[in-house]
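Working notes for the structure below.
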Amino acid sequence: MRTASTPTHCPYCALQCGMALSPLPTGGVEVVERPDFPVNRGALCGKGRTAPAVLSSAVRLTSPLVRDAGSLRPASWEEALDRIASRLGRIRDEHGADALGVFGGGGLTNEKAYTLGKFARVVLGTSQIDYNGRFCMSSAAAAGVRAFGLDRGLPFPLEDIPRTGCVILVGSNLAETMPPALRFFGELRDNGGTLIVIDPRRTRTAEQADLHLAPRPGTDLALALGLLHLIVAEGRVDEEYVRERTVGWEEARAAAMAHWPEYVERITGVSVPQLRETVRMFCEPEAAMVLTARGPEQQSKGTDTVGAWINLCLATGRAGRPLSGYGCLTGQGNGQGGREHGQKADQLPGYRRLDDPAARAHVAGVWGVDPDSLPGPGRSAYEMLDALGTDIRALLLMGSNPVVSAPHASHVEERLGSLDFLAVCDVVLSETAALADVVLPVTQWAEETGTTTSLEGRVLLRRQAVDAPDGVRSDLEVLHELAARLGVDKGFPVEPEEVFEELRRASAGGAADYSGISYRRLAEENGVFWPCPARGGEPGDDEPRDDEPAPGTPRLFLDRFATPDGRARFVPVVHRPNAEEPDDDYPVLLTTGRVVAQYQSGAQTRRVDELNAAAPGPFVELHPRLAARLGAAEGDRLAVVSRRGRAVAPARITAGIRPDTVFMPFHWPGEGRANTLTNPALDPTSRMPEFKSCAVRVELAD
């Protein structure tokens, strides 16, 4: 039995708050503060404090399950693994490798994400792999690569925020999604800086702002273009910066000038005086930042919307300078690392492009396979889910619950049910796992060692603090055993550090270069920011050496951007409407989001009594004027109906939301499932679904 406390990190959001786990005399562990970690300095939200509750055998899976005669029953590991390998092999033989799909999760460690991508491409030979991080920050990633040549959630550490002059926070409710991060914005205001929050709801975060703008959902692109128009009209463009550090300004300028303030006011509902005040507050300080989250990103035009906010930063010289820049507040615990190392349909480890011959050759060399044997890019997450039961006949799913979290969720549930075979690896019997033919119980955060990459691009070491219950194995063991049964005996180690050492070699020379990072460094240095090439040398040194470590890169782009010529790219964008606008049949807009006491699909947090007491179920938030038109009172059951389905939840009436908009949190299954309603219309670049707005009607349910 362990007797000392173990320093580690929270299993939930991308802050990856530092905590320690201390053994209890009665068994199990409790969370204790870890003030040495700079992101949270010991502070934790309720989810972090109660995280050990999910370690209990009473709430989690401890035995494999297999489906016989329509029901799941306990089985041995040998039977369960044999059944998965047999079915995957048979379907591949009969229908080809691309009849097999692999769906991962943004909560998997870097080691597991890396191994899952390798398993899909080397063992199964399928191109059909993606992950639920596609639903989180793919639009911001696409816009960042397009403008800067590189995507890292934040190109600077959170500790820079209190020292800047102004922050525009677009579509983020940090007070509920990442509560420990809110103190950075409080310190910003204490230091004389200002905070502008853009959100159609007056959230707890908006209440902390110096200025709150409440645009109509789906109009953030027009809002950013209107602000850029005013910046040009008022002579606030940093002409020297634009000339020396960017390209493409004239085209972007012309596009913005078509969005005059009164036109933008009509589209967004944000008044011209508010637009002008936003420009003044943003432009007057020496330094400023724009931070986006899911609000502007989860749109069918999310890449262009983020691009418009990046253009705002570039035009004012607020990128690649100290205490300034654009950043994305990545959501999932390892959403950043999960896409860097091979879960994404078009990427190889190190953030390499799968269609780049040099990238394929490098990674194939590390893996010991022919580059030509690696499949090409596959479908994005929703497109893969939509193809289940037709082109894709079997699915291996790890760490995701799309029955609750995917858009048009009733359709996704039906597609999952149409598969010839579904295998799920999870900690709990989620709504998706309950549909599976085989369910494997796997280890979770405190029961395993591994690395994650936070929203800052800080690679962190989570340490094992407790032993897993009997009957539970790690995802790495699962992939090792399946690979062996499918004819690949080598290349799938079960020890996380051994996997990480291979990941270092595979990432070397890539955009997300981890080759200079080791477990020893992570333990000693409280994390290391990527890129961090080996030997303190240039990217491309592909033999990691721990004796000459590079320092890591907390702040990107200060000397040059990651483009061939070192200049950032303006991208001309224009406003376009939502994929689905209100009409006579569906006159209201629905937007979705989170509440503080639950996380993502709620598969784990809904099993914690304290969190359920704080947030027991879904609700429909609506304005008093809309409630009066419906004849609805607080707590009345409301039906929200879209073209895709119907959800029912109690009314929560507040003046803090626009009268033309309703809000639902998305953590619950059943009749209150918000994602029954949401629109799977995809961004043409990022393939992000339009979670943040769809047309609905609202009516009394009873």
Any sub-3.5 Å donor-acceptor pair from Arg152's side-chain atoms to Trp530's backbone N or O?
-> yes
Whether Arg594 side chain and Glu176 backbone form a donor-acceptor pair below 3.5 Å | no
Could you name each residue pair satisfying ring pair (Phe, Tyr, Trp, His ring centres under 6.0 Å) that touches residues 597-617, not counting sequence neighbours?
-> Tyr12-Tyr599
Below 4.0 angstrom, N of the basic side chain to O of the carboxylate: do Asp68 and Arg83 qualify?
-> yes
Under the 3.5 angstrom rule, does the side chain of Glu477 hit a backbone N or O of Ser474 as a donor-acceptor pair?
-> yes
Listed by chain and number, what are the ring pair (Phe, Tyr, Trp, His ring centres under 6.0 Å) partners of Phe119, not counting sequence neighbours?
-> none
Return yes if some donor-acceptor pair links the side-chain N/O of Thr449 with the main-chain N/O of Gln464 below 3.5 Å, else return no.
-> yes
Donor + acceptor pair across side chains of Gln16, Thr452 (<3.5 Å) = yes
Scan for side-chain hydrogen bond (donor to acceptor under 3.5 Å, both in side chains) pairs involving residues 40-61, sequence neighbours excluded, and state none if there are none.
-> Arg41-Glu187, Arg49-Glu610, Arg60-Glu447
Should Met664 and Glu621 count as side-chain neighbours, where that means a heavy-atom distance under 4.5 Å?
-> no
Salt bridge present between Arg294 and Glu297 (N-O < 4.0 angstrom) | yes
Can you tell me how far CG of Leu397 sits from SG of Cys425, rounded to the nearest 0.5 angstrom?
-> 8.5 Å
Short question: side chain of Thr126, backbone of Leu100 - any donor-acceptor pair under 3.5 Å?
-> yes
Side chain of Asp437, backbone of Leu422: donor and acceptor closer than 3.5 Å?
-> yes
Under the 3.5 angstrom rule, does the side chain of Arg463 hit a backbone N or O of Thr8 as a donor-acceptor pair?
-> no
If you round to the nearest 0.5 Å, how far is CG of Leu291 from SG of Cys328?
-> 9.0 Å
Note: Ala434 and Leu429 closest approach over all heavy atoms is N-CD1, 4.0 Å
Carboxylate-amine/guanidinium proximity below 4.0 Å for Glu431 and Arg606 = yes
Write down the atom of Leu395, the atom of Val102, and the distance for their closest heavy-atom approach.
-> CD1-N, 3.8 Å
If you measure only the distance, is there a donor-acceptor pair under 3.5 Å linking the side chains of Glu448 and Thr443?
-> yes
Is the closest basic N to carboxylate O distance between Glu413 and Arg673 below 4.0 Å?
-> yes
Is any NZ, NE, NH1 or NH2 atom of the basic residue among Arg485 and Asp82 found under 4.0 Å from an Asp or Glu carboxylate oxygen of the other?
-> yes
Leu21 versus Val466: any side-chain heavy-atom pair under 4.5 Å?
-> no
Mind checking whether Tyr131 and Leu116 have side chains closer than 4.5 Å, heavy atoms only?
-> no
Please confirm whether the backbone N or O of Ala113 pairs with a side-chain atom of His341, one donor and one acceptor, at under 3.5 Å?
-> no
Honestly, is Arg504 close enough over Tyr514, meaning NZ or CZ under 6.0 Å from the six-membered ring centre and within 45° of the axis?
-> no
Indicate the atoms forming the closest heavy-atom contact of Pro469 with Thr62, along with that distance.
-> CB-CG2, 4.0 Å
List in chain and number order the residues that pass ring pair (Phe, Tyr, Trp, His ring centres under 6.0 Å) with Phe103, two or more places apart in sequence or in another chain; answer none if no residue qualifies.
-> none
What ring pair (Phe, Tyr, Trp, His ring centres under 6.0 Å) pairs are there with at least one residue in residues 15-42, not counting sequence neighbours?
-> His9-Phe37
Which residues pass the side chain to side chain donor-acceptor pair (under 3.5 Å) test with Gln604, sequence neighbours left out?
-> none
Which residue pairs satisfy the ring pair (Phe, Tyr, Trp, His ring centres under 6.0 Å) criterion with at least one member in residues 410-467, sequence neighbours excluded?
-> His408-His411
Evaluate the ring planes of Phe619 and Phe663, with Trp represented by its six-membered ring, and classify them as parallel (under 30°), tilted (30 to 60°) or perpendicular (over 60°).
-> tilted
Quick note, side-chain hydrogen bond (donor to acceptor under 3.5 Å, both in side chains) partners involving residues 490-500, not counting sequence neighbours, are none
Can you name the nearest heavy-atom pair linking Pro157 to Phe529, along with the distance?
-> CB-CZ, 4.1 Å
Kindly write out the residues that satisfy salt bridge (charged side-chain N to carboxylate O under 4.0 Å, His left out) with Asp609, not counting sequence neighbours, or none if the list is empty.
-> none
With sequence neighbours left out, write down each residue that passes ring pair (Phe, Tyr, Trp, His ring centres under 6.0 Å) with His480, or none if nothing qualifies.
-> none
Quick one: side chain to side chain donor-acceptor pair (under 3.5 Å) partners of Glu502, sequence neighbours excluded?
-> Tyr114, Lys118
So OG1 of Thr115 and CG of Leu479: to nearest 0.5 Å the spacing works out to 6.5 Å
Asn334 side-chain N/O to Thr453 backbone N/O, donor-acceptor pair under 3.5 Å | yes
Distance-only polar pair, side chains of Ser380 and Asp130, donor-acceptor under 3.5 Å = no
Gln332 (side chain) donor-acceptor with Cys136 (main chain) under 3.5 angstrom = no
Counterpart residues, side chain to side chain donor-acceptor pair (under 3.5 Å), relative to Asn612 (two or more places apart) | Gln598
Report yes if some heavy atom in the side chain of Leu15 is under 4.5 Å from a heavy atom in the side chain of Pro180; otherwise report no.
-> yes
Salt bridge or not for Arg652 and Glu634, using N-O below 4.0 Å?
-> no
